[in-house]
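For reference, the structure is listed below as structure tokens.
Only heavy atoms go into these numbers, but all of them, side chains included; no hydrogens, no water, no symmetry mates. Numbers here simply count residues along the sequence, with the first being 1. Each ligand, and each atom within it, is numbered from 1 in the order the structure gives.
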Amino acid sequence: MTLLVTGGAGFIGSNFVLEWAAQSDETIINLDKLTYAGNLENLSSLQGQSKHVFIQGDIGDAACVSALLAQYRPRAVLNFAAESHVDRSIHGPGEFIQTNIQGTFQLLECVRAYWGALDSDAQAAFRLLHVSTDEVYGSLGKTDPAFTENHRYEPNSPYSASKAASDHLVRAYHHTYGLPVLTTNCSNNYGPYHFPEKLIPLMIVNAQAGKALPVYGDGQQIRDWLYVLDHCSAIRRVLEAGRPGETYNIGGWNEKPNLEIVHTVCSLLDELKPRADGKPYQEQISYVTDRPGHDRRYAIDASKIERELGWKPAETFASGIRKTVCWYLDHPQWVANVQSGAYRDWLNQQYGSTP
Ligand code: NAD
Ligand code: TYD
């Protein structure tokens with residue numbers, strides 16, 4: 001049995017692949033374009049293991065995807081590949097449209113052709129799992145109820161609009177062609193291998209480097225936070241038992257304003273790696289111009305996945321954030337390589353190519 005995972009060298013994808021390999025002998029074919037966000041160093045512990053096959057390629061390259069499907073005949077495709085950073089989507093939306101919409105469309109077309117040619121048992125067992133975000137639902141007011149799966153799609157950034165479009169395409173391939181799809185909409189993840197352009201790893205890394213901790217606007221924007229390995233366990237559960245055509249919201253029941261997140265990171269660093277001058281890291285906080293169109297609040301109602309599939313997060317925010325800060329303190333070389341771009345040189349050495 002084989003799975004095709006796309007985007008498996010990114011933050012969530014690499015955590016998923018590592019967890020899967022630790023728990024199963026089923027082979028993973030990992031298709032990743034290796035954009036700036038893809039880092040094979042995350043997967044170095046799997047090197048030499050035949051149950052992980054890495055292919056550098058684009059989900060939008062139909063010839064490549066079709067060839068992989070024909071060669072490896074996966075029982076499921078899990079689509080993690082995306083451009084994922086809201087700020088980058090504001091500066092340059094083009095790549096988001098290309099990968100998140102066009103790429104997902106090409107992937108769906110290839111999967112539809114592959115699935116259509118399977119025998120009826122294999123067709124019934126096959127799944128395409130599309131990994132998406134809570135940001136497709138738009139922004140909530142302070143007292144609004146959390147997003148359920150029935151919430152209207154109201155995306156506000158080029159990133160969330162492109163993810164919303166991909167979700168709609170996935171839905172349409174189920175309704176029109178009968179493709180057995182599953183969609184998950186998850187809240188903000190944090191944990192190991194998170195690229196330090198996103199809030200939590202940026203704060204951990206900047207704090208230690210003595211740099212400013214940039215808080216957008218008043219820092220009172222609210223996100224729901226989920227430890228990445230809890231997201232991975234939810235995806236495994238949806239793959240195993242989710243009903244085709246359904247969507248599942250995944251969240252940690254951890255709504256927190258950004259400023260509280262930054263304060264928590266600072267306090268943990270004060271405890272685990274105090275500043276040389278003995279002053280608190282909070283002194284490095286700097287309020288900067290707000291993100292244009294910044295969504296004020298996201299909150300996930302994860303009761304459907306809990307009720308129907310029996311999934312619950314294992315980590316509280318307190319336990320997950322402590323693990324995360326410790327991981328970054330224990331992996332200074334990973335951070336240094338990402339920041340210097342050295343992982344690209346490492347790629348060259350290991351694989352004779354750079355993206
Ligand atoms: P990431 O940016 O860390 O990783 C994305 C990966 O996809 C990278 O390895 C990149 O090289 C690869 N990729 C990009 N374009 C590609 C293409 N055209 N073909 C093949 N590979 C390509 O993102 P992430 O945080 O790991 O997010 C993974 C998925 O989960 C995304 O679909 C994202 O929308 C979704 N998601 C993320 C979060 C979060 O908090 N990070 C929350 C909910 C959902
Ligand atoms: P981010 O990690 O980019 O995730 P997303 O935009 O997908 O939610 O940002 C999380 C929140 O933190 C978001 O409200 C923007 C805010 N933020 C800052 O205040 N400062 C920063 O430097 C970054 C990167 C984000």
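Checked by atom type, the side-chain pair H194/N189 shows no donor-acceptor distance below 3.5 Å. Neither side chain, Y227 nor N254, offers a donor N or O lying under 3.5 Å from an acceptor on the other. Neither side chain, K304 nor T247, offers a donor N or O lying under 3.5 Å from an acceptor on the other. Side chains of Y248 and E149: a donor-acceptor N/O pair is absent below 3.5 angstrom, by distance only. Inspection of the T148 and N150 side chains reveals no N or O donor paired with an N or O acceptor under 3.5 Å. A donor and an acceptor atom, one from each side chain of W311 and S233, are located under 3.5 Å apart.
In this structure a side-chain-to-backbone donor-acceptor pair under 3.5 Å is present from K163 to V131. Of the possible donor and acceptor atoms, one in the side chain of S160 sits under 3.5 Å from a partner among the backbone N and O of S157.
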Starting from the N and O atoms of ligand 2, collect every protein N/O partner closer than 3.5 Å and put each pair on its own line with the distance to 0.1 Å.
unit_1: ligand 2; atom_1: 2 (O); unit_2: L199; atom_2: N; d: 2.9
unit_1: ligand 2; atom_1: 3 (O); unit_2: R291; atom_2: NH2; d: 3.1
unit_1: ligand 2; atom_1: 4 (O); unit_2: N188; atom_2: ND2; d: 3.4
unit_1: ligand 2; atom_1: 6 (O); unit_2: R291; atom_2: NH1; d: 2.6
unit_1: ligand 2; atom_1: 6 (O); unit_2: R291; atom_2: NH2; d: 3.1
unit_1: ligand 2; atom_1: 7 (O); unit_2: E135; atom_2: OE2; d: 2.5
unit_1: ligand 2; atom_1: 8 (O); unit_2: N188; atom_2: ND2; d: 2.9
unit_1: ligand 2; atom_1: 8 (O); unit_2: R223; atom_2: NE; d: 2.9
unit_1: ligand 2; atom_1: 12 (O); unit_2: N258; atom_2: ND2; d: 3.3
unit_1: ligand 2; atom_1: 14 (O); unit_2: R223; atom_2: NH2; d: 3.1
unit_1: ligand 2; atom_1: 14 (O); unit_2: N258; atom_2: ND2; d: 2.9
unit_1: ligand 2; atom_1: 14 (O); unit_2: H294; atom_2: NE2; d: 2.7
unit_1: ligand 2; atom_1: 19 (O); unit_2: Y216; atom_2: N; d: 2.9
unit_1: ligand 2; atom_1: 20 (N); unit_2: P214; atom_2: O; d: 2.8
unit_1: ligand 2; atom_1: 22 (O); unit_2: P214; atom_2: O; d: 3.3

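In this structure, the ring of F11 has its center no less than 6.0 angstrom from the ring center of F80.
The immediate protein surroundings of ligand 1, defined as residues with any heavy atom under 4.0 Å of it, consist of G7, A9, G10, F11, I12, D32, K33, L34, T35, A37, G38, G57, D58, I59, F80, A81, A82, S84, T99, V131, S132, T133, Y159, K163, C186, S187, N188, N189.
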